[in-house]
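Okay, structure first, notes after.
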Amino acid sequence: MENKLLRSLPSVDELMRSEQFATLAEQYGRELVTRAARNAIAQARESIRATGAEPGDLGHLAAAEVERLVRPRLGRVLNATGIVVHTNLGRAPLADEAIERVVEVGGAYSNLEYDLTAGARGSRQDHVAEALRQLTGAEAALVVNNNAAVTMLVLAALAEEREVLVSRGELIEIGDGFRIPDVLAQSGARLVEVGTTNRTRIADYENAITENSALLLRVHQSNFRILGFAEQPTTQDLVRLAERSGLVFVDDLGSGALIDLLDEPSVSERLKAGAHLVTFSGDKLLGGPQAGIAVGRADLIEQTRRAPLQRALRADKLTLAALEGTLALYQRDASTVPVLRMINEPGDQVKERAERLAAIVGGTVETSVARVGGGALPLAELESYACSVEAELAAPLRAAHPPIVGIIREGSLLLDCRTLTPDEVELAGETVLACRSQ
Ligand SMILES: *Cc1c(COP(=O)(O)O)cnc(C)c1O
């Protein structure tokens, strides 16, 4: 029986000659449809071997395969985890104003590196520098691909083959096995660890300074906290020591809040306290595109800009366009930045969305705890509400269009509504209903 079924499978050529496949080939191109036909036959063969039964209609299998092959792999996801800056889900969703800038700049030629007044070569750094200076109070700014890159670049430019002092309490892993010390070692600077995991005093830095020291680096304890018997020097202490010893003090802030947000240190507050350079991400609390930003003393920024590595790490025009669009929101009304809106939204509005979703899908509303994420404010718990549905829906919802990612708690799937926009509630509801009826 099994052999007979296997022998009855058509060849790729035979399939391609059928009317259905000729139509598909016209629509999607011969190459892609041939690939789909081959995959469909392979699937049918596997299914016969596994079950010994009829594999089902090859035309259907192939059409589903065509759809899978043409669908983009990178796509929109509904974030129902309640984690606002979710690194695996693309961190910050961009504001409409930022997207508009991307569409305009990406769809045409632009003045990316052209000075329209002089009619000559310009710098891609000029477009956002002024807004960054104005919003942070810095003398100068530089934007590259991401924060790990900008921090490494700063060390390469200011401390190559020299010593960089960093506290053992700040040697963090940022995710997926990537550790800040390993990334920074790529700069060519030599990391010198000072203090202990829980306590580092200013004297520890002072005692470690040699004539080969170039820089004091503080790495924000972004995604963890050491509680209890713990001590780290203040910004003022580090600034004073750096200035007394002729060293540069760099503050890697990571999340980089441009405005006051709960307990998160802001970029301008650290600059005002005397940090020579502050580095931070564009797509964490700032709420913009992936980018690494350094702000601070003009001579140090210029030295960093001139480092050869800068050319390898530079930000592209789409990033700069999205960043400019996001910074423009800060200049008008920061509360409209999506990430900040989600973090600051009052609980009753989140609850209203959870009730709306529960009404559509027949689920129940449960209280939950949302998080800032992105290595910021790890202890902050944001009041939140979720629609609870059956846990069996978790996998089908991840495979849906659009996929929905929630969290499993005590045998239920919670769809946290802090990270769903008002517009996404209906869509999420319809998707749940469609998954149930499959
Ligand atoms: C997130 C983070 C980084 C890495 O930033 P990316 O933009 O992801 O490269 C580096 N340092 C700190 C302190 C961070 O929080």
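Computation of the quantities below employed the complete heavy-atom set of this structure, encompassing side-chain atoms and omitting hydrogens, waters and symmetry-equivalent molecules. Atoms within each ligand, like the ligands themselves, are counted from 1 in listed order. Please read these numbers as outputs of a predicted model, since none were measured by experiment.
Counting only heavy atoms of the protein, atom 10 (C) of ligand 1 lies nearest to N147 ND2, 3.1 Å. With hydrogens left out, the protein atom closest to atom 11 (N) of ligand 1 is D252 OD2, 2.8 Å, a heavy atom. Residue, atom and distance of the protein heavy atom nearest to atom 9 (O) of ligand 1 are A148 N, 2.9 Å. With respect to atom 4 (C) of ligand 1, the closest heavy atom belonging to the protein is I174 CD1, 3.8 Å. Annotation: atom 7 (O) of ligand 1 to nearest protein heavy atom, S281 OG, 2.6 Å.
Only side-chain heavy atoms of I180 come within less than 4.0 Å of ligand 1; its backbone N, CA, C and O stay farther off. Contacts of K284 with ligand 1, taken as heavy-atom pairs under 4.0 Å, involve the side chain alone.
Taking a 4.0 Å cut-off on heavy atoms, R91 registers as neighbouring ligand 1.
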Problem set entry | Check against side-chain contact (heavy atoms from CB on, under 4.5 Å), Y385 and L357 | CA-CA 11 Å; Y385 297 87; L357 183 55; over 6 Å; no
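More than 12 heavy atoms of other residues, nucleotides or ligands lie within 6.0 Å of CD in E113, so this atom counts as buried by the packing criterion.
A salt bridge is absent between D416 and R418: the closest approach of a Lys/Arg side-chain nitrogen to an acidic carboxylate oxygen does not fall below 4.0 angstrom. Looking at E264 and K284, no side-chain N of the basic residue comes within less than 4.0 Å of a carboxylate O on the acidic one, giving no salt bridge.
T235 and R218 form a side-chain donor-acceptor contact under 3.5 Å, judged by distance and modelled atom types alone.
Between L241 and R244, some side-chain heavy-atom pair lies under the 4.5 Å cut-off. Counting heavy atoms from C-beta outward, R436 and L393 have side chains that approach closer than 4.5 Å.
Near G254, meaning under 4.0 Å from any of its heavy atoms, are these atoms of ligand 1: 12 (C), 13 (C), 14 (C), 15 (O). The ligand atoms of ligand 1 that sit less than 4.0 angstrom from a heavy atom of H220 are 13 (C).
On a distance-only criterion, D283 and ligand 1 share no N/O pair closer than 3.5 Å.
The CG atom of L116 lies 4.5 Å from the CG atom of N111; values are rounded to the nearest 0.5 Å.
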